[in-house]
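Read through the structure below, which is laid out as structure tokens, and then see the notes.
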Amino acid sequence: MRAVAIAGIGGIRFGKYGDRSLRVLGEEACINAIRDAGMKPRDIQAAYVGNLAQWEWGQGLLIGHYVLREIGLTKIPITRVENGCATGSNAFHEAWYRVATGACDIALAFGVEQMTVASSEKILSVFTGRQHAERGGDMGNSAPGLFGLLARRHMEEFGTTREQMAMVAVKNRKYGSMNPEAQLTQTMTLEEVLKERMICDPLTLPQCCPRGDGAAAVVLVAGKLARKYNPIPISVAASVQVSGTYPDDRSYTFFDTDVRAAAAAYKMAGLGPEDIDLAEVHDCFSVAEIVHYEDLGFCRKGEGGRFIEEGHSGIGGKIPVNTSGGLLSKGHVIGATGISQIIELVRQLRGQAGKRQVEGARVALQHNGGGFIHTDTASCFIHILRK
Amino acid sequence: MSQNDKNRRFIDDAWFHDFGQGLSLTGGRCPACGQTYFPTKQVCPSCFNAEQRKVPLSGKGKLHTYTRSHMGPAGIQTPFTIGFIELPEGIKLFSLLTQCDPWDEVLSVGMEMEMVIETIREDEEGNEIVGYKFRPSRGASS
């Protein structure tokens, strides 16, 4: 594999854009990324788009082609990917792979999703699926339910508290208030988070990420071209994809996918958790962030609750996590989420993160889990970026 | 379920089988490698053997974790309680929990649970959709 760098990033603020088309949202992010890279669309040789579904009516087709045709990007291979909540990261990974293998020098990865156009019932129905009745929505299963179950077991085994979980929401909402691209920008106190409506015990509403509409795009280039396009290229030190094993014989307090993906990513980068200056991790629910601290080696197993409580995951702490505000503030805009995480890390490594800048950041980790089957995430992607 | 019960149907007919003592939760066992799984599958996911035997699962297990859900699918009244049950056959089973109010006093991690066959929800036409739930075990009171 050869060196690959990120030459351009383009996000739009996540929110409710029911009056605009999915296509237009995608165009805006791609235009921003291509401009940021100082390129023209014709420089791009391959494109991958992440889009889970067109929620109001079903599975769409050709969304990548529709978007890119509008901005004058045609002829090249254009491929849509889907991998649950890690759909955007999968698009990035494929673009990286195409450049890293030498199949092309410049590739675009973008994600786009428009979720506020569908009802909550429709979203729940698509999420829980119809492929495994024994764990489907018809049996009472849901994403908040699975993470409520994870939380209870973590509390039981390690003494993790409701307050520690709520602290994740407080932290991420604070950083979300500093991110112009976040959907929710109001800060909340610990008391406010705990008093909010219960969704699945112990997770109150602000501890569950909202959905939303939006898009995010990045341009990847072969390392040898990096400085031609950007004065501060960010290199991709690791790009890892794993799938779940869905074990029965384990305590439901961690994600096997996380642990295996982290080991592979650290090995690929020649780095360890002690080298990570900041991270964006998949905080779909507050408890998930605590579990990811442990799975990614930021702290020891069972100490995730204390890691947040002692401020280690805040700016100024050991490893600031989700300085973008995370999914809890931005919303989970599925196809765009993974790429949006990468955009935050690139901004941080470039020193362009404004009020939420992590001083001296040189190495950053992105983590995105996709979907849930039985006891494990179906897919997990980890990227390590380096200045 | 008898065919006369037109208004009641199982979520999945393969989940239950009468091995001679009434309906049991039914899994598959691979005669080649001994792996037991739920529900039955076309091949053994451990060794790809196509032959499998239907086996009754015990229907009793330990409560691995639980939560109270205030949101959920149409047809199941909220709030409801869910959990993972560890069956002695080595299977973790997601399940609705029943007969456990007040849930936060009655339930505890590790407690013995037993299966009941009950209506899970009503569908849009008013049919009762039947599956398994677990309740605190009544056999061995502590």
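- Across every non-hydrogen atom of B:His70 and A:Met198, the tightest pair is CB-O, 3.4 Å.
- At a 4.5 Å heavy-atom cutoff, the contact between B:Phe80 and chain A is made by side-chain atoms alone.
- A donor-acceptor contact shorter than 3.5 Å is absent between the side chain of B:Ser69 and the backbone of A:Cys200.
- Using a 4.5 Å cut-off between heavy atoms, B:Ile11 contacts chain A through its side chain alone, with no backbone atom that close.
- Of the residues considered (B:Val109, B:Ile76, B:Ile129), B:Val109 shows the highest number of contacts with chain A, using heavy-atom pairs under 4.5 Å.
- For B:Arg68, the parts lying near chain A are the backbone and the side chain together; criterion is any non-hydrogen pair under 4.5 Å.
- One distance of note links CG of A:Asp138 with CG of B:Asp123; it measures 9.5 Å at 0.5 Å rounding.
- Taking B:Pro39, B:Gly75, B:Ser95, B:Gly131 one by one and counting their heavy-atom pairs under 4.5 Å with chain A, the maximum is reached by B:Pro39.
- Note that CD of A:Glu156 and NE2 of B:His64 are 10.0 Å apart. Values are rounded to the nearest 0.5 Å.
- Heavy atoms closer than 4.5 Å to chain B are found nowhere in A:Glu121, neither backbone nor side chain.
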What's the verdict on side chain to side chain contact (heavy atoms under 4.5 Å, CB included) for B:Ile82 and A:Leu149, showing C-alpha distance, side-chain angles and the deciding distance?
-> CA-CA 8 Å; B:Ile82 53 178; A:Leu149 294 172; 4.2 Å; yes
Test side chain to side chain contact (heavy atoms under 4.5 Å, CB included) applied to B:Met71 and A:Ile199, step by step | CA-CA 6 Å; B:Met71 57 80 69; A:Ile199 302 298; 3.6 Å; yes
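- Your options are B:Ile91, B:Thr78, B:Asp12, and the one with the most heavy-atom pairs under 4.5 Å with chain A is B:Ile91.
- Crowding of A:Arg250 atom CZ: a count of heavy atoms from other residues, nucleotides or ligands under 6.0 Å exceeding 12.
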Step by step, would you call A:Asp248 with B:Tyr37 a side chain to side chain contact (heavy atoms under 4.5 Å, CB included)?
-> CA-CA 10 Å; A:Asp248 279 304; B:Tyr37 31 84; over 6 Å; no
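- B:Thr67 contributes no side-chain N or O that, together with a main-chain N or O of A:Gly145, makes up a donor-acceptor pair within less than 3.5 Å.
- Few gaps surround CZ on A:Arg260; more than 12 heavy atoms of other groups in view lie less than 6.0 Å from it.
- Here the CZ atom belonging to B:Phe84 is positioned 11.5 Å from the CZ atom belonging to A:Arg153, to the nearest 0.5 angstrom.
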Go through A:Thr375 and B:Phe94 one step at a time and tell me if the side chain to side chain contact (heavy atoms under 4.5 Å, CB included) criterion holds.
-> CA-CA 9 Å; A:Thr375 53; B:Phe94 173 87; over 6 Å; no
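- Within the 4.5 angstrom heavy-atom criterion, atoms from both the backbone and the side chain of A:Ser251 approach chain B.
- The neighbour count for A:Lys301 NZ, taken as heavy atoms of other residues, nucleotides or ligands under 6.0 Å away, is above 12.
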